[in-house]
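What follows is a single structure, written as structure tokens, with notes after it.
The residues of the chain are indexed from 1 along the displayed sequence. First listed ligand is number 1; within each ligand, the first listed atom is number 1.
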Amino acid sequence: MIGALNHIAIAVPDLNQATRLYKEVFGGNVSKPTAIPEHGVSVVFVELSNTKIELLEPLGDKSPIAAFLNKNPAGGIHHFCLEVDNMDNALRKMNDEGLQVLGPPKTGAHGKSVIFLHPKDCLGTLVEFEET
Ligand code: CO
């Protein structure tokens, strides 16, 4: 069911500083910042040859990463994203197995359908699925 690692997302308190680290210090291929109000984040993509890193900064009052940053003020790995070929099948499988899916599928940062799985069911890690 799962395919490639689509991205690793790092919550950061300061997107400019985070971008500088990945661009100027690490020499990465870094996108312009993009505001995604429906997800409550501003994001910068670091394009790697085999995957991406997403640097996420809270946007707005109800950002889903605000609580995480309160607990991890310097930032930290927030989730990673695995590709699935069929979201309906993936959702059915998660429901059959009793895994908690956090909300209905949404359109993610790449215009594809995404879901999030509760960390309590995934070895303490927030896991995102993105349909390819
Ligand atoms: Co993600």
Side-chain angles (χ1 to χ4, degrees):
M1 188 182 78
I2 56 171
L5 174 67
N6 185 276
H7 62 268
I8 296 169
I10 303 178
V12 304
D14 184 326
L15 195 54
N16 285 331
Q17 267 187 20
T19 301
R20 193 189 108 69
L21 176 68
Y22 273 86
K23 186 175 180 176
E24 309 299 335
V25 182
F26 293 170
N29 178 12
V30 168
S31 77
K32 292 259 185 288
T34 306
I36 311 177
E38 59 271 33
H39 287 266
V41 294
S42 296
V43 59
V44 161
F45 301 102
V46 184
E47 292 287 343
L48 308 175
S49 63
N50 57 346
T51 191
K52 293 183 280 292
I53 298 171
E54 295 183 3
L55 305 172
L56 306 176
E57 182 187 63
L59 176 67
D61 301 336
K62 288 188 242 163
S63 175
I65 63 170
F68 181 89
L69 277 169
N70 283 339
K71 276 183 253 168
N72 304 276
I77 294 179
H78 182 259
H79 67 270
F80 60 85
C81 176
L82 302 173
E83 295 179 356
V84 297
D85 50 6
N86 184 301
M87 187 59 81
D88 290 337
N89 290 345
L91 265 174
R92 194 173 312 116
K93 177 81 171 168
M94 296 310 104
N95 288 329
D96 289 350
E97 297 286 345
L99 274 72
Q100 185 180 345
V101 177
L102 300 171
K106 283 192 191 175
T107 302
H110 316 110
K112 307 277 182 67
S113 179
V114 303
I115 60 170
F116 288 89
L117 306 176
H118 197 291
K120 73 179 169 60
D121 298 326
C122 297
L123 312 174
T125 308
L126 180 60
V127 176
E128 179 180 14
F129 284 167
E130 179 175 299
E131 191 170 51
T132 53

**Q.** Glu57 side chain vs Leu15 backbone, donor-acceptor pair below 3.5 Å
**A.** yes
Q) What about the rings of His79 and Phe116, do their centers lie closer together than 6.0 Å? A) yes
Below 4.5 Å, heavy atoms only, C-beta onward: do [X] and [Y] meet side chain to side chain?
X	Y	result
Phe68	Leu56	no
Phe129	Met87	yes
Leu126	Leu117	no

Q) So how many protein N, O or S atoms does the Co ion (ligand 1) have within less than 2.8 Å? A) 3
Return a table of donor-acceptor pairs under 3.5 angstrom between the side chains of residues 101-110 and protein atoms on other chains or two or more places apart.
| residue | atom | partner | partner atom | Å |
| --- | --- | --- | --- | --- |
| His110 | ND1 | Glu130 | OE1 | 2.9 |
| His110 | NE2 | Glu54 | OE2 | 3.1 |

